[in-house]
Amino acid sequence: MHFKYRNGLSDPESTQQVRNLLVKYDDAFIPPLSQRASSTQTALGPNSGPQSEGSVDGYLESLKTQNFILAVDSDCDVDRIAGFLAFKQDYCCDALGGEKHPCNYVTTVLIDEDYRGLRLTYDLYNELFAFVVDEGGTLNPIATRTWDSERKEDANGAHLHILEQLGFQLVKRLRDDRGDGIDTVYYRKDFSEQQTGLFQRLESTHTLGSFAIAGLLIALTVISAVAYVYNGLGEEAGELMLAFTTSLLVSAVCLVIDATSQYRLARNEKYLTDMKEFGIDGLNFDKQLLLIEYIHNARDTIWLSGCRHILNSSIAAYLQRAVSRGMRMRVLSSPPWSEAYRLIYNDAEKTIDNYIKLFRMTLICDEGGQCSDVIDRCEFRFSEKPFFNDIYRIDGTIVTSAFSYYGEKRGSHQDDKDEATARDFFTMVTHDGSKLFSNMYEEYTTLWDSCECKLDNRKFVAMFPDISYPRMTFEEKCALIQECLVPVSQ
């Protein structure tokens, strides 16, 4: 399989193969292609009326002048078009801002059924990305439209999934535009500014004019300096020329410094905006203090996950207070006696103590005994599946540590400890409503729902009524906790 770029359809063989695909999959589109006069018409509802009943030729004519990326199977006797992507450059779509926001507008993507499952749609879009970048100059966004519906059978689900995987964002939805319950949706993908030239970056940060004026001042400074060196107008004129040269130089330097500061500020603001669009509301290097703050202000729910619960046991007192004032808590753990745990860690004896401390402090609120209804508001499940990062959901916020920031290898932090701890990771904060939040939420709930056993809270409180557990062996602690486990169905 290889890909060919065509500026319009001109040769009869390619045109006929594209037409055959349009005819074959006419009814796979909503509305059918044979009911459209062009690939960009705005009237797409059932009352818009058929434009060329029973024929896709009207639609094909509108495609012929567009740009094509063809997926060609050369293993056949004759080159066969397995699929294609048609797009218009510098297209001004009214639904996407018109003339102020030209884009590379994808009008049609179609893959022959014989070649589906080979990720050809991904490949066609990636070829388009490469084409746009290679063209140079201002990188206009790539946009397209398709249809969606709450009814799964009426939605273009496969294409929508691919667009989201490729980083497209939903920017507009026209409710019931193509019929009852069938919406028209517009998606757009903007290119990173890192791929643009210096001219475009300066223009986007509104510093191009400042740097241009600074350049002009520097040029005048050079001319003035040359005039001073070759001065033939006398001593007074030379002094005036020197003063003028010095003034120009100072003005140029000040303007460059100001423009550079403005450029960096604009880039930082763009960086922060991009982070928020991605779903990251903040970064933090002190995870413990951050969690204490969120737990202190929690209003409803606290979810925790962890293999060793080192940090959770150290903030157990704060979790205890939150639970005692009415919070509901979930804790997802990896049992230290499981194969999943042993594949990742080797400090099971310390871990079991963390578990017991965390469970006891949240279930037994004070020395006088158990707080009312705490047992019913806390649930501790055990997953046999390995997971590698801790996720803390506190109401509508998720706090997680995804990447190490200390040195090049584990244990290379300032205090020369040999093990990685929560301090070895920067902490991301994201809030409900972002895609990043949804992905992490889904990861947690998937693991949670797959758990087969949980802690019987009342039995655990009876088994560990005091702090005598440190004198037990690791095997005894594991055996007692395992006695407290019951199926999740209970």
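- In this structure, the side chains of Gln89 and Tyr105 stay at 4.5 Å or more apart for every pair of heavy atoms.
- For the pair Phe168 and Ile142, the minimum side-chain heavy-atom distance is below 4.5 Å.
- When ring centroids are compared, Phe3 and Phe84 stay outside the 6.0 Å threshold.
- For Cys378, the side-chain contact (heavy atoms from CB on, under 4.5 Å) partners at least two apart in sequence or on another chain are Val323, Met329, Leu363, Val374, Phe380, Asn457.
- Leu63 places a side-chain heavy atom less than 4.5 Å from the side chain of Phe68.
- Although no hydrogens or angles enter the test, the distance criterion places a donor-acceptor pair under 3.5 Å between the side chain of Gln41 and the main chain of Ala43.
- Applying the salt bridge (Lys or Arg N to Asp or Glu O under 4.0 Å) rule to pairs touching residues 321-333 yields Asp300-Arg328, sequence neighbours excluded.
- The backbone N or O of Asp183 sits nowhere less than 3.5 Å from a side-chain atom of Asp177 that would complete a donor-acceptor pair.
- Heavy-atom contacts from other residues, nucleotides or ligands closer than 6.0 Å to CD of Glu442 number 12 or fewer.
- The shortest distance between side-chain heavy atoms of Tyr122 and Leu166 falls below 4.5 Å.
- Interatomic distance, Leu110 CG to Leu33 CG, rounded to the nearest 0.5 Å: 8.0 Å.
- For the pair Lys189 and Phe129, the cation sits on the ring face: its NZ or CZ lies under 6.0 Å from the ring centre, inside 45° of the axis.
- Ring pair Trp303/Tyr392: centre-to-centre distance not below 6.0 Å.
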Name every donor-acceptor pair, under 3.5 Å, that has one atom in a side chain of residues 90-98 and the other anywhere in the protein, sequence neighbours excluded.
| unit_1 | atom_1 | unit_2 | atom_2 | d |
| --- | --- | --- | --- | --- |
| Asp90 | OD1 | Asn140 | ND2 | 2.9 |

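- A distance of 6.0 Å separates CD1 of Ile302 from CD1 of Ile394, quoted to the nearest 0.5 Å.
- With rounding to the nearest 0.5 Å, the separation of CG in Asn354 from SG in Cys307 is 12.0 Å.
- Using modelled atom types, one side-chain atom of Arg377 and one backbone atom of Met327 make a donor-acceptor pair closer than 3.5 Å.
- Contact detail for Cys103 and Ala143: the closest heavy-atom pair is SG-CB, 3.9 Å.
- The 12-atom threshold is exceeded at CZ of Arg173, counting heavy atoms of other residues, nucleotides or ligands nearer than 6.0 Å.
- With hydrogens and angles left out, the side-chain atoms of Asp11 and Ser14 include a donor and acceptor closer than 3.5 Å.
- No donor-acceptor pair closer than 3.5 Å links the side chain of Asp154 to the backbone N or O of Glu150.
- Although no hydrogens or angles enter the test, the distance criterion places no donor-acceptor pair under 3.5 Å between the side chain of Tyr441 and the main chain of Asp432.
- Nearest heavy-atom pair, Ser38 versus Ser62, reported as atom, atom and distance to 0.1 Å: CA-OG, 3.5 Å.
- Of the possible donor and acceptor atoms, one in the side chain of Gln17 sits under 3.5 Å from a partner among the backbone N and O of Ile81.
- Between the side chains of Ser74 and His2, at least one donor N or O sits under 3.5 Å from an acceptor N or O.
- For Tyr318, the OH atom is loosely surrounded, since the number of other residues' heavy atoms within 6.0 Å does not exceed 12.
- Closest approach of Arg36 and Ile30 over heavy atoms only: NH2-O, 3.3 Å.
- Within the structure, the salt bridge (Lys or Arg N to Asp or Glu O under 4.0 Å) test picks out the following pairs touching residues 101-117 (sequence neighbours left out): Lys24-Asp112, Arg80-Asp112, Arg80-Asp114.
- Taking CG of Asp148 as the reference point, atom CG of Leu174 lies at 12.0 Å (rounded to 0.5 Å).
- For the pair Val106 and Arg145, the minimum side-chain heavy-atom distance is 4.5 Å or more.
- For the atom pair OG1 (Thr107) and CG (Asn67), the distance works out to 9.5 Å, reported to the nearest 0.5 Å.
- Scored by the side-chain contact (heavy atoms from CB on, under 4.5 Å) test, Glu452 finds no partners at all (sequence neighbours excluded).
- Remark: side-chain polar atoms of Asp456 are not paired, donor with acceptor, to backbone N or O of Leu485 under 3.5 angstrom.
- Between the CH2 atom of Trp147 and the NE2 atom of His159 there is a distance of 9.0 Å, given to the nearest 0.5 Å.
- Under 3.5 Å, the side chains of Arg178 and Thr184 contain a donor-acceptor pair of N or O atoms.
- Checking Thr108, Asn104, Val185, Leu163 one by one against Thr144, the side chain to side chain contact (heavy atoms under 4.5 Å, CB included) holds for a single residue, Leu163.
- For Phe131 and Tyr5, the gap between ring centers is short of 6.0 Å.
- A side-chain donor from one of Asn156 and Thr146 sits under 3.5 Å from a side-chain acceptor of the other.
- Scanning all heavy atoms of the two residues, the minimum distance from Tyr444 to Leu304 falls at OH-O, 3.0 Å.
- The closest donor-acceptor contact from the side chain of Arg299 to the backbone of Asp395 lies at 3.5 Å or more, if one exists at all.
- Minimum heavy-atom separation, Ser450 to Lys385: CB-NZ, 3.7 Å.
- Looking at heavy atoms from C-beta onward, Val331 lies in side-chain contact with Leu358 at the 4.5 angstrom threshold.
- Counting only N and O atoms by type, the side chains of Thr351 and His309 include no donor and acceptor under 3.5 Å apart.
- Under 3.5 Å, the side chains of Asp26 and Ser34 contain a donor-acceptor pair of N or O atoms.
- Residues Asn20 and Gln16 have side chains that bring a donor and an acceptor to within less than 3.5 angstrom of each other.
- Residues that satisfy the salt bridge (Lys or Arg N to Asp or Glu O under 4.0 Å) test with Lys172, not counting sequence neighbours, are absent from this structure.
- Nearest heavy-atom pair across Ile391 and Met440 is CD1-O, 3.9 Å.
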